[in-house]
Amino acid sequence: MSSKPKVLVTREVFDDILEYLSQSFEVTSNQSDVPMDSETFAQKLSDKEGAIITLSDRIDAALLTRCPNLKVVCNIAVGYNNIDLEACTRARVMVTNTPGVLDDTTADFTWALILATARRLTEAEAYLRAGLWDGWKLKQFLGLDVHHATLGIFGLGRIGQAVAKRAVGFEMKVLYHDVRQPPPEIEQICHAHFVSKEELLSQADIVTLHVPYSPATHHLISKKELQQMKPTAILINASRGGVVEDAALIEALHTKTIAGAGLDVFENEPKFNPKFLDLKNVVLAPHIASSSRATRYKMARLAAENLMAALTRGNPPNWLNPF
Ligand code: DGY
């Protein structure tokens, strides 16, 4: 019988990370990567001291009552809206996330969405692949210029800042709105000017969202906000589903209230609203903004290091609910 603490890894990770964990823990892992239903997840977690989980795994008070040995859950994500932090604190379960390691990769992908949406890249590619291209036309796939446009960033945290810095090369005007205004030196480095929510929506050619999901940011962008945007503007969301009200966005894209959208995240992922598929003026991606090989490795490694630190020293580096 092993006397090592038992831990669960809910989804596939890199082999050497499993080896690292196996040195100190008795590891149960789901390397087949088939998502577990909530009952299977609860059963597997019930005798564990720690878990490495992903944003599809929900941790709430009811689940915690079934896991008396649980000391730590380590999310492989910077966002942690899948975890009831207060319930974890009440149950004395440490929670960790993976901040910092994915900022640049997520900012790069935000720019991929900005450029693809503004220049209608996926729409044009679908046209070409369908064999419809019969020659160069002056007015074919007319898009929005990104250079010298006005970029509006909701949330000037680490990822928002990385997005802003990349706008310098495009010689853009950068506006931002945030509930917490960062220090002036951050504004200077990012060449970003604070404006109200309304000013941002009405002035930006490109609106991009970099806020965490919470009750305060639920449907931050809904019908009213979409109507405040320019009809030529585009909306980019690589933050979280639920920050945008998808039904309102679908309507706005359909009626051309705004020109386009680039989305990496959706309400009710992965069962997103199928009406998006009927629209040509939206670029769609399956929540891959942080998915470069190097960054996804760093995220998994950081989660494993948090688990190790939590169960050996009781003090993980990215502890979200210190008690
Ligand atoms: C995060 O880290 O929150 C990302 O959404 C995961 O890809």
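Scope of the values below: all heavy atoms of this structure, side chains included, with no hydrogens, waters or symmetry mates. Residue numbers run from 1 in the order of the sequence given. Atoms within a ligand are numbered from 1 in the order they appear, just like the ligands themselves.
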Exercise. Under 4.5 Å between side-chain heavy atoms, hopping through other hydrophobics if needed: is there a path connecting Ile76 to Val9?
Worked result: yes
For this session: Determine whether Leu209 and Val195 fall in the same hydrophobic cluster, where Ile, Leu, Val, Met, Phe, Trp and Tyr are linked whenever their side-chain heavy atoms lie under 4.5 Å apart.
Result: yes
Could you pull out every N or O of ligand 1 that sits under 3.5 Å from a protein N or O, with the distance for each pair?
unit_1, atom_1, unit_2, atom_2, d
ligand 1, 2 (O), Val78, N, 2.6
ligand 1, 3 (O), Val78, N, 3.4
ligand 1, 3 (O), Gly79, N, 2.9
ligand 1, 3 (O), Arg240, NH1, 3.3
ligand 1, 3 (O), Arg240, NH2, 2.7
ligand 1, 5 (O), Arg240, NH1, 2.7
ligand 1, 5 (O), His287, NE2, 2.8
ligand 1, 7 (O), Ser290, OG, 2.9

Contacts table for residues 214-221: side-chain donor-acceptor under 3.5 angstrom, sequence neighbours left out:
unit_1, atom_1, unit_2, atom_2, d
Ser214, OG, Ala216, N, 3.1
Ser214, OG, Thr217, N, 3.4
Thr217, OG1, Pro212, O, 2.7
Thr217, OG1, Ser214, N, 2.9
Thr217, OG1, Ser214, O, 3.3
His218, ND1, Tyr213, OH, 2.8
His219, NE2, Glu267, OE2, 2.7

Exercise. Side-chain donor-acceptor pair under 3.5 Å between His287 and Glu269, yes or no?
Worked result: yes
For this session: Quick one: which residue pairs count as a ring pair (Phe, Tyr, Trp, His ring centres under 6.0 Å) with a foot in residues 88-115, not counting sequence neighbours?
Result: Trp111-Phe170
Problem set entry | Residues that, via side-chain heavy atoms closer than 4.5 angstrom, fall in one hydrophobic cluster with Leu85 | Leu8, Met36, Phe41, Leu45, Ile53, Ile59, Leu63, Leu64, Leu70, Val73, Tyr80, Ile83, Val93, Val95, Leu320
